[in-house]
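First up is the structure itself, then whatever we jot down about it.
Just so it is clear: chains get the letters A, B, ... in the order the sequence lines come, proteins before strands, and each one is counted from 1. Scope of the values below: all heavy atoms of this structure, side chains included, with no hydrogens, waters or symmetry mates.
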Amino acid sequence: MIRYVKSREALLVGVILALIALIASRFPAFILPSNLVNVFTDTSPLIILAVGQAIVILTRCIDLSVAANLALTGMVCAMLNVAYPGLPIPVIIAVALMLGAVLGAINGILVWKLTIPPIVVTLGTLTIYRGIIFVISDGAWVNAHEMSAAFTGFPRAEILGLPVLAWLAILTAIIFFIVIARTPLGRAFYAVGGNPHAAVYAGINVGKTQFWAFVLSGTLAGLTGYLWVARYSVAYVDIAKGFELEVVAACVIGGIAIAGGAGTIMGAILGAIFLGIIKNALPVVGISPFWQLAISGAAIVIAVAFNARAGRAKGRIILKRAEAEAQA
Amino acid sequence: MQNLAPQMDAAPIAPVLELSGITKTFPGVKALNNVSLELFPGQVTALIGENGAGKSTIVKVLTGIYRADGGTIAVDGEQVAFASADDAGAAGITAIHQETVLFDELSVAENIFIGHAPRGRFGLIDTAQMNTRAQEILDRIDAPLSATTPLKDLGIANKHLVAIARALSVDARVVIMDEPTAALSQKEIEELYDLVERLKSEGRAILFISHKFDEVFRIADRYAVFRDGEHVGAGLMSDVTEGDLVQLMVGRAVDQIFPSRAHSAGAEVLRIEGYAHPTEFDGINLTLKAGEILGFYGLVGAGRSELMQAIFGITRPSAGTIYVEGTACTIRSPADAIANGIVYVPEDRGKQGAVLGLPIFQNVTLPSLAQTSRSGFLKLAAEFALAREYTERLELRAAALDQDVGNLSGGNQQKVVIAKWLATKPRVIILDEPTKGIDIGSKAAVHAFMAELAAEGLAVIMVSSEIPEILGMSDRVIVMREGLIAAELRRDELSPETLVRHAAGIGGHA
């Protein structure tokens with residue numbers, strides 16, 4: 001691995017282990033393998049989305065439309081299943097991936113060709129995608145009894161003791177490790193976010209690179225859309241509402257610099273796992289779920305403070321250099 | 001000629017502002033070395049010097065943006081220390097910058113009084129009073145402006161007037177004008193001169209920074225010349241000629257040692273015919289041969305970098321054709337230029353050159369990823385090999401190739417950037433201010449390497465504002481002025497005076 005595990009990732013692993021140990025000291029059942037599998041499976045959608053979001057943030061963008069993309073794709077998959085119950089699952093998955101990619105590409109085109117700030121673009125498409133769900137579903141729910149057994153069973157099917165959902169999170173992580181570390185596109189994500197001017201001079205098309213980041217993020221959101229709807233056996237306008245903030249939080253906690261160009265996929269995954277453990281442990285420990293938001297929020301602030309501290313020494317050097325260049 | 005004018009102890013007036021022994025060091029660069037400067041009430045002092053002579057730095061010291069490492073600043077004979085721009089403003093020092101630093105979305109009056117707006121009840125801004133006072137100031141300088149106009153509706157000349165009005169609103173006793181006429185038309189310049197006369201008659205001291213000798217002689221009473229961060233002369237304008245000032249500006253011994261090279265130009269590599277741009281340059285024709293170093297000299301804003309960016313495909317020319325090795329080619333993007341063997345090492349390596357957060361080897365291979373990957377996947381071994389080959393050639397000093405570029409010194413960062421471009425195996429390399437802001441040792445290394453590249457048959461274009469570098473390295477020099485080619489000089493025609501004359505548009509041949 002080129003972007004080998006840096007201290008940030010090691011720190012997060014330490015924090016996660018300490019958190020698990022703390023919980024286990026009072027509730028030993030929490031660390032039973034079966035429970036840990038449950039926690040991981042439950043966190044898998046967040047992991048998949050965080051991987052996509054991490055790529056987008058690396059290129060100095062942000063994708064706030066992931067949860068809306070997820071919900072729209074999920075609804076389309078559910079309605080397809082209701083209309084054509086015999087449609088094989090691979091076809092459903094292909095539709096989910098493609099629709100997600102298209103929705104991501106819409107973001108990407110707007111950012112690339114019209115150079116609209118990504119936060120504005122994805123705030124807009126967030127609302128539009130949610131609106132489209134309402135239009136195509138008339139606001140009605142698609143419930144468990146309308147879905148086929150194969151449709152809802154797929155993410156829960158177990159392979160070697162792990163549900164397919166968890167395997168897909170692992171597969172996503174592996175694929176994107178390779179894309180990021182070993183392809184010219186992966187390198188371009190870092191270059192574009194780290195120094196867009198230098199990237200231009202190196203012959204990299206900045207807008208196009210950002211476009212591909214949005215397509216990848218959208219594709220993963222689409223995949224998660226099907227998995228989400230199938231796992232919870234329900235589709236309606238508001239599923240995963242506000243989830244995009246949790247996804248961004250996972251990236252930030254994982255050390256993806258919001259200014260782009262720095263961070264690792266592993267960090268984003270660990271950030272997601274950290275949030276997942278908190279979410280699952282609080283009810284066990286008997287803390288009100290309302291605290292969960294406060295704790296996630298505190299984790300974000302602490303993580304950003306860490307990022308700022310790490311960046312400070314470097315910042316001074318940059319400032320001095322800027323001064324030196326300004327004088328000439 | 002150093003004693004062109006004796007110190008002005010005979011002057012009946014005391015300086016309002018006196019700087020002595022000012023020193024300012026940046027990492028690797030001594031921007032100002034023991035500099036002194038005196039400004040007198042009711043007089044215009046012209047500050048003259050080449051690019052990089054330290055003019056902008058002294059302005060920043062004067063306005064409290066930089067703090068000097070040593071030396072004293074005295075206002076009316078009393079020593080002061082400026083901790084911030086506010087302090088300098090309170091002491092009555094205001095600067096009108098090259099690009100006016102104003103707020104487009106605010107009104108003229110709000111711009112004039114930003115930071116010191118008149119307050120009314122509850123500490124709220126008294127808009128009516130502000131507008132009245134702003135209008136008074138505007139009328140006083142005969143500015144044809146309404147105080148309530150949004151600034152964005154004004155042209156550059158009128159924005160300058162607003163900046164001047166702002167200076168008057170704080171009753172500035174020292175007004176610094178940094179190349180105020182650079183973007184103005186002849187008529188607007190005349191109006192500005194009138195205004196300068198008026199400021200003079202009000203007893204204000206004016207520091208006028210300019211590259212244009214005609215205007216210096218027109219409006220300045222005194223001059224001060226800086227060279228390489230040192231004060232090399234000052235006195236009354238009436239005591240000097242244009243030639244004297246040029247001598248002072250460039251008259252250093254060429255103390256850097258440049259590699260000696262036998263110039264043996266090969267076949268034509270690059271030819272440009274009729275390159276034009278709507279706003280930046282026009283009528284550019286040039287040819288470049290293998291093994292040749294072509295120097296590009298000119299003042300800042302002469303259009304050199306803009307031309308290079310067009311050659312490299314960052315911007316597109318509105319007319320003209322480019323030939324690489326005799327074949328016309330289309331360059332629409334930097335990727336096209338790189339594919340045609342043209343590379344560009346930009347001036348601002350922090351901003352445009354290196355990705356500071358990426359390791360050395362990834363910076364080096366960034367434009368060559370096609371070369372270091374196989375069937376879509378990067379080959380780490382190939383990347384390291386390529387990076388090692390070129391960083392070793394440039395004698396890069398770094399602990400390891402996977403060290404982040406941000407942790408390297410300026411000179412070593414520059415080497416990474418150059419290594420990055422050499423790794424693409426180019427035929428033409430454009431170096432924009434290749435040694436700006438780096439230490440002498442690294443400079444010599446860059447120069448030696450440039451000579452080596454030319455000897456290997458690479459065609460080199462070197463954009464430089466440093467006269468010794470242009471003289472020491474170029475086989476041929478193109479001087480640009482205001483977007484046009486002002487002169488093309490052979491090596492045997494080169495002299496510092498000739499370069500300055502062509503660049504500044506001073507009539508006649510040296």
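Contact annotation: the side chain of B:Pro334 approaches that of A:Val200 to within less than 4.5 Å [non-hydrogen atoms, C-beta and beyond]. No side-chain heavy atom of A:Asn195 sits less than 4.5 Å from a side-chain heavy atom of B:Leu356. In this structure, B:Ser333 and A:Asn205 have side chains that are not in contact, with every pair of non-hydrogen atoms separated by 4.5 Å or more. When side chains are defined from C-beta on, A:Tyr190 does not count as touching B:Val355, because their heavy atoms never get closer than 4.5 Å.
Classification of the B:Phe312-A:Tyr201 ring pair by plane angle, with boundaries at 30° and 60°, yields parallel.
By the 4.0 Å N-to-carboxylate-O rule, B:Glu383 lies too far from A:Arg182 to be salt-bridged with it.
In this structure, B:Lys379 places its NZ atom where more than 12 heavy-atom neighbours from other residues, nucleotides or ligands lie under 6.0 Å away. Within a 6.0 Å sphere centred on CH2 of A:Trp112, other residues, nucleotides and ligands contribute more than 12 heavy atoms.
Here A:Ala202 is the residue among A:Ala202, A:Ala188, A:Gly193 with the most heavy-atom pairs under 4.5 Å with chain B.
The contact between A:Ile204 and chain B is made entirely by side chain atoms (from C-beta outward), counting heavy-atom distances below 4.5 Å. B:Thr365 touches chain A through its side chain: at least one heavy atom from C-beta onward sits under 4.5 Å away, while N, CA, C and O do not.
Distance CG/B:Leu358 to CZ/A:Arg187: 7.0 Å, rounded to 0.5 Å.
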